[in-house]
A.B. asks: 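Submitted below is the structure of interest, expressed as structure tokens.
The sequence lines fix the lettering, A, B, ..., with proteins before strands; numbering per chain opens at 1.
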Number of protein chains: 2
Amino acid sequence: MRPNDPEHPDGTRAAKRPTIVDVARAAGVSTAVVSYALNGRPGVSPATRARVLRMADELGWRPATAARSLRSGPGAVGIVIVHDGGTGSRVASTLDLVAGAQEALGADGPTLAVHVAGSVDEAARLMDSWWTERRYAGYVVPHTRADDARLTTLRRVPAPTVVVGDVIGPSPTTWRHVVLDDAAAFARVGTFLADLGHARVAMLTGGDALLAPRRRARALGAALAERDVRFQAVSGDTAERAAAAVRPLLVGPDRPTAVVTDDDVAAGVVLDVARRLGLAVPWDLSVLAGTDSAACQLATPSLTAVPYPVRELGRAVGHALLGALAGDLAPGAVPPASGTVSVGNLVVRGSTAPPSA
Amino acid sequence: MRPNDPEHPDGTRAAKRPTIVDVARAAGVSTAVVSYALNGRPGVSPATRARVLRMADELGWRPATAARSLRSGPGAVGIVIVHDGGTGSRVASTLDLVAGAQEALGADGPTLAVHVAGSVDEAARLMDSWWTERRYAGYVVPHTRADDARLTTLRRVPAPTVVVGDVIGPSPTTWRHVVLDDAAAFARVGTFLADLGHARVAMLTGGDALLAPRRRARALGAALAERDVRFQAVSGDTAERAAAAVRPLLVGPDRPTAVVTDDDVAAGVVLDVARRLGLAVPWDLSVLAGTDSAACQLATPSLTAVPYPVRELGRAVGHALLGALAGDLAPGAVPPASGTVSVGNLVVRGSTAPPSA
DNA sequence: TTGAAAGCGTTACCAC
DNA sequence: GTGGTAACGCTTTCAA
């Protein structure tokens, strides 16, 4: 169908959408004046401005995205979610992140468009194409990984970017960073478990690629080491593999008395494995979820968890995005400032207790 | 930043992106020939076509979305997710739907852009604006509701649309429909529970607005009525309200011996309420989730559930979308054909059993 | 088979 | 303050 095809599919005539030319004619001025008036730029008399705005409104004029993009560059920002069937509510939480970012961006800020890719590489490829096609003004990259193809691409193309999470390697000045300060929170988890009297603690993470779980494990391990608590980390990127990784740990006399997981689904897996092994949570085994969610409240027993302020994280992303798009950094200046979102205190529920003697 | 600003933010010079003019010059032909060659249109000699393609590739040319949209209309399709904090993994599953649709659309089909809105009304407003702004070539509308503002909007603007779920009222010929045939599956749930010997069954749905749960409840109720099983439906759109709705049902001697829910989170709520009331699942109470998910497998006990083929649903959406965009319906022809995705057999797990005598 | 040129809707520069 | 007009990159019609 042609862009302005007045031929409505069912044969009726759809009104041709008005352009600034129509508005200009209606207001009896030139298109330049209309453009200035509509964009709130100075150089138009108040009376003319009012008349133009009224006519535009009356005619139902809205700017054509394509035409505006052609002149001024794209207004939307892209975010490509990697949907590779990993464990956890990572994918779902990304939408909360987007909601938060959109909130910070406001109604007339840029809009965030989410796309779904099957792998990091596909995501990187799409982002590359779309940048070359001038489809998006910038990108948001959530859930960074080790050796992340998306970041490799974004080091090559100068797209304004907000990276959510840790980055290995250099960051171009077009990037802004937002990180969740969960290292502090996970250190507190270590103290919490040590205080309860646990002497052997394990952590289950969802695959080796993601960087956030690594940092969490590091922080937890360090805090536990300080208290002379034995610590080990295992990983499994699907529910099945996570179960297979945890099970061997929990048999034998020297087993950990507490398991910390990266996300809610992994915690569910641990609960399941424990139940099958006849270990009573929390008495025989404490379980702690690294990412709180509704599922954590509903688990049996309900799961002690580290809060996950996605919405706030999203708002921080929105603000960082505004900075990235403005490119408000002097050439050759210091690396982009980082936004840090802090995590609150552990939500203690029924899945943690002192180890049984 | 201007669209083709050669000034890279860090001061280096970014290569100006090539246009068809550059390709034309490199290949020694006119832009018209380049356009024809690049779009696989007839009227170009094989030799010229090959040369053009090679040059385009060599220069790293990609079509500018905005310029193409300006002439030929937008290529992308929008889908606005309503993220109002309701129960269930509805939001998350929408991304699976999108992944499935994208799969059916193929790599060079239109891409699906997901946006997040806080309410149905906001979604409708956005879709209206974006249609007028020629931002999207069409829309996908998932999770239809009673009195759905999005559909009201789409009856007014002639946007090619794929509606996923039931529709109350007339459908313009620009619409295509995809429905999940879960009525049949829920009828089978009724038979299943009746066969187990349940005489009183309840269903918990997540709020009254969504149409899918209504149809499910209707199908379940009808199947149970045939077997003289008493049936009642209650609803609650958040975890708290769902719990408040279910609790009163489960006290008293005449309580249902089985509860069917619309989604996994609601089923978790029922498990939780049952536990607090000292009802042992499945012996004192059977619980059945209407939408299967990883959470259903991990619940304690694991939840018997109705499969949810969201990926296939997505593929059907993709195909329907192609039809909608092509507008392949004769003017004034029969209403758009519906695509139906059928649901497999109940996955029986540990949360259902015959009622205790 | 190819080339020239007219749009598409908006913005921004330069005159007046 | 305001009006003309040249871009922006691509598609498509019309001639050659």
A.B. asks: Quick check on C:dG9: is either OP1 or OP2 less than 4.0 Å from any side-chain nitrogen or oxygen of A:T19?
C.D. replies: no
A.B. asks: Does C:dG9 have OP1 or OP2 under 4.0 Å away from a side-chain N or O of B:R134?
C.D. replies: yes
A.B. asks: Considering every strand and a 4.0 Å limit on heavy-atom distances, what is the contact class for B:R49: base, sugar-phosphate, or nothing?
C.D. replies: nothing
A.B. asks: With nearest nucleotides of DNA chain D determined for A:G43 and B:A66 from heavy-atom distances, which residue corresponds to the more 5′ nucleotide?
C.D. replies: A:G43
A.B. asks: Tell me whether B:E103 is salt-bridged to B:R311, with the criterion being a basic N under 4.0 Å from an acidic carboxylate O.
C.D. replies: yes
A.B. asks: In whole angstrom, give the distance that lies between atom CG of A:L38 and atom P of C:dA12.
C.D. replies: 13 Å
A.B. asks: Can you tell me how far C1' of C:dT10 sits from CZ of A:R25, to the nearest Å?
C.D. replies: 16 Å
A.B. asks: If the cut-off is 4.0 Å, is A:S45 near the phosphate of D:dT2, judged by side-chain N/O to OP1 or OP2?
C.D. replies: yes
A.B. asks: Side chain of A:A64: nearest nucleotide among D:dT11, C:dT10, D:dG4?
C.D. replies: C:dT10
A.B. asks: May I ask you to say what A:A32 touches in the nucleic acid, namely base, sugar-phosphate or nothing, with a heavy-atom cut-off under 4.0 Å?
C.D. replies: base
A.B. asks: Classify A:T31 by what it touches in the nucleic acid, base, sugar-phosphate, or nothing, heavy-atom distance under 4.0 Å.
C.D. replies: base
A.B. asks: In terms of side-chain geometry, is the basic nitrogen of B:R54 or B:D57 positioned less than 4.0 Å from the acidic oxygen of its partner?
C.D. replies: no
A.B. asks: Taking only side-chain N and O atoms of B:S72, does any of them lie within less than 4.0 angstrom of OP1 or OP2 on C:dC8?
C.D. replies: no
A.B. asks: What is the nucleic acid contact for A:V29, judged by heavy atoms within less than 4.0 Å: base, sugar-phosphate only, or nothing?
C.D. replies: sugar-phosphate
A.B. asks: Parallel, tilted or perpendicular for A:Y136 and A:W130, by the 30°/60° rule?
C.D. replies: perpendicular
A.B. asks: Do the charged groups of B:R125 and B:D128 touch, with an N to O distance under 4.0 Å?
C.D. replies: no
A.B. asks: Return the nearest nucleotide to the side chain of A:R68; candidates are C:dT10, D:dG3, D:dT11.
C.D. replies: C:dT10
A.B. asks: How long is the line joining CG of A:L70 and P of D:dA7, in whole Å?
C.D. replies: 14 Å
A.B. asks: May I ask you to establish whether B:R156 and B:W131 are in a cation-pi arrangement, using a distance under 6.0 Å from NZ or CZ to the six-membered ring centre and at most 45° from the ring axis?
C.D. replies: no
A.B. asks: Hey, which of these two, A:I20 or A:Y36, hits DNA chain C nearer its 5' end, going by closest nucleotide?
C.D. replies: A:I20
A.B. asks: To the nearest angstrom, how far is A:L59 atom CG from C:dG9 atom C1'?
C.D. replies: 15 Å
A.B. asks: Is there a side-chain polar atom (N or O) of A:R71 under 4.0 Å from OP1 or OP2 of D:dA7?
C.D. replies: no
A.B. asks: With a 4.0 Å limit, can you tell me whether A:W61 has a side-chain N or O closer than that to the phosphate oxygens OP1/OP2 of C:dG9?
C.D. replies: no
A.B. asks: Report the distance from atom CG of A:N39 to atom P of C:dC13, rounded to the nearest whole Å.
C.D. replies: 13 Å
